[in-house]
Protein chains: 2
Amino acid sequence: MLKLSKLSDYAAVVLAQIARQPQRPQAAPELAEEVHLPRPTVSKTLKMLHKAGLVESRRGVQGGYLLARSAEQIRVSDIIAAIEGPVAMTACSHSDNDCELAALCGVADNWQRVSLAMRQMLDSITLAHLAQREPLQIMPARALAPSATTFSRESLLVSDADS
Amino acid sequence: MLKLSKLSDYAAVVLAQIARQPQRPQAAPELAEEVHLPRPTVSKTLKMLHKAGLVESRRGVQGGYLLARSAEQIRVSDIIAAIEGPVAMTACSHSDNDCELAALCGVADNWQRVSLAMRQMLDSITLAHLAQREPLQIMPARALAPSATTFSRESLLVSDADS
DNA sequence: TAATTGCGGACTATTTTAGTCCTGATTAAC
DNA sequence: GTTAATCAGGACTAAAATAGTCCGCAATTA
C-alpha cells in the first residue's frame with residue numbers, strides 16, 4: 001500500500017485544525033474533540049510533533065498547542081518525518097545505511113533516485129495546502145531537457161484551486 | 001519512513017535480474033542465488049508477482065520465470081501493487097473506502113491529491129529504468145499554467161543518463 | 001495553592017511483515 | 001511411463017511495527 005501510518009494522518013489532521021486558529025493555543029482534548037479522535041492518541045501525536053519542533057506548547061491554564069512556524073513553512077515531509085522518521089522508500093535509500101547487497105542488487109542507485117523524487121514532491125506541499133478547505137490542484141509536472149541533473153525545490157508545484 | 005516493504009524491494013531486485021536475461025526462463029533458486037536472498041523468500045515474491053500477472057511461469061525441467069511483458073511496460077507502481085496492494089497514502093485516499101471522518105477532517109481531498117501525485121510518479125518509472133546499471137536521472141518537473149486541472153502520464157519523466 | 005495543561009515514558013494489544021515449510025500439480029526429458 | 005525439476009498454494013511461526021491507553025510528574029496561571 002505504501003501507506004502513511006495512521007498517526008501521520010492524524011498528525012496532519014490535527015495540525016490542519018491548529019492552523020485554522022493560529023492565534024490562540026488549543027489544548028489537546030479540545031483538538032481531539034474537534035477532529036473526532038481519542039484524546040490520548042491526539043495527545044501522543046502532539047507530543048511527537050512538539051519533539052520534532054513543529055508545534056510549540058504552553059502549559060497551564062489557557063495552555064495548549066500552537067504552530068511553531070506558519071503553515072506555509074511546514075512541509076508534508078516534515079509532518080511525516082516527525083511521526084515516522086525520514087522519508088525513504090527502501091532500507092538502502094538513505095545513504096548512511098549500508099546495505100551490503102547494494103553492490104549486488106544493481107537497483108539501489110535507482111531506488112534512491114525514486115525515493116528522492118518522492119521526498120521532493122512531499123517537500124513541495126505544505127500544511128497550508130492541506131488545511132485549505134478548497135481542494136488543491138497539484139500541477140502536472142513537465143520534463144526538462146535531458147541533461148538536467150538536479151532537482152529544483154519547485155519540481156512539483158502546488159497551487160490553489162483557481163475558482 | 002513511508003517505506004516499501006522488504007518484499008517489494010526484493011521483488012524489484014528479482015524482476016530486474018529476470019529482465020537482464022529476458023530470453024530464457026530462470027528458476028527461483030537460481031534467481032535467489034544471484035541476488036543473494038533466501039530461496040523460500042524469493043519463491044514467495046515470485047508467486048506474488050505471478051498472481052499479479054507481472055511474470056509468466058513455466059513448470060518442469062528448464063522451467064522458471066519470465067517477464068510477462070517487456071521491462072518497459074512494467075511500472076514501479078505495478079510492482080508495489082503486486083506486493084502490497086494499490087498505492088495509496090492514507091486509508092481514505094482510495095475512493096472506494098469510506099472514511100466516516102472524511103467530511104470532518106477537512107484534509108481528505110488534499111491527501112487524495114498528494115497520493116495521486118505520488119502514484120503518477122511511480123507510474124512514470126519502469127522496471128527497465130530500475131534494471132539499468134547506469135543510474136537514472138529523474139527529471140526535475142516543472143509547473144504548468146495555473147489553470148491546468150489534470151495530470152499527464154508524462155508528469156515525471158524519467159530518462160537515461162546521458163553519459 | 002489549586003486547577004489546568006503539557007511531558008515523559010511504560011505498557012499492552014493488535015496487526016502487519018517476514019520468513020519457512022510442506023504437500024500437490026505440471027512439465028520435460030529420457 | 002517414470003523420474004526429476006519446477007512451480008502452486010497455503011498453513012504456520014516468529015518477529016517487529018503500530019496503535020492506543022494510562023499514570024505520575026512538571027510547569028504555569030490565577
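The sequence lines fix the lettering, A, B, ..., with proteins before strands; numbering per chain opens at 1.
In this structure, a donor-acceptor pair under 3.5 Å is absent between the side chains of B:Thr126 and B:Glu72. Inspection of the B:Gln112 and B:Ser115 side chains reveals no N or O donor paired with an N or O acceptor under 3.5 Å.
Of the possible donor and acceptor atoms, none in the side chain of B:Arg39 sits under 3.5 Å from a partner among the backbone N and O of B:Ala32. Counting only distance, with no hydrogens or angles, the side chain of B:Arg58 and the backbone of B:Pro25 share no donor-acceptor pair below 3.5 Å. A donor-acceptor contact shorter than 3.5 Å links the side chain of A:Asp78 to the backbone of A:Arg75.
No N or O donor and acceptor, one from the side chain of A:Lys47 and one from the base of C:dG6, sit under 3.5 Å apart.
Nearest-nucleotide positions on DNA chain D for A:Tyr10 and B:Gly60 put B:Gly60 closer to the 5' end. Each of A:Gln62 and B:Leu46 was matched to the nucleotide of DNA chain D holding its nearest heavy atom; the match closer to the 5' end belongs to B:Leu46.
Comparing C:dA25, C:dG6, C:dA28 by their closest approach to the side chain of B:Arg59 singles out C:dA25. Distances from the side chain of B:Val61 to the nucleotides C:dA3, C:dG19, C:dT27 place C:dT27 closest. Proximity note for A:Ser57 (side chain, C-beta onward) versus C:dA18, C:dG6, C:dG19: the nearest is C:dG6.
Enclosure of atom CD in B:Gln73 by more than 12 non-hydrogen atoms of other residues, nucleotides or ligands within 6.0 angstrom is indicated.
Between A:Arg24 atom CZ and C:dT5 atom P the separation is 11 Å, expressed in whole Å. Protein atom CG of B:Leu4 is 13 Å distant from nucleotide atom C1' of C:dT17, rounded to whole Å. Between the CD atom of A:Glu56 and the P atom of C:dT5 there is a distance of 18 Å, rounded to whole Å. Atom NZ of A:Lys44 and atom P of C:dT12 are 14 Å apart (whole Å). In this structure, the CZ atom of B:Arg58 is 8 Å from the P atom of C:dA28, given to the nearest Å. Rounding to whole angstrom units, NZ of residue B:Lys3 and P of C:dT16 are separated by 15 Å. As rounded to whole Å, 14 Å separates atom C1' of C:dT17 from atom CG of B:Asp9.
No side-chain heavy atom of B:Glu56 sits less than 4.5 Å from a side-chain heavy atom of B:Tyr65.
Protein chain B touches strand DNA chain D; the 5'-most and 3'-most nucleotides with an atom under 4.0 angstrom of its non-hydrogen atoms are D:dA5 to D:dG10.
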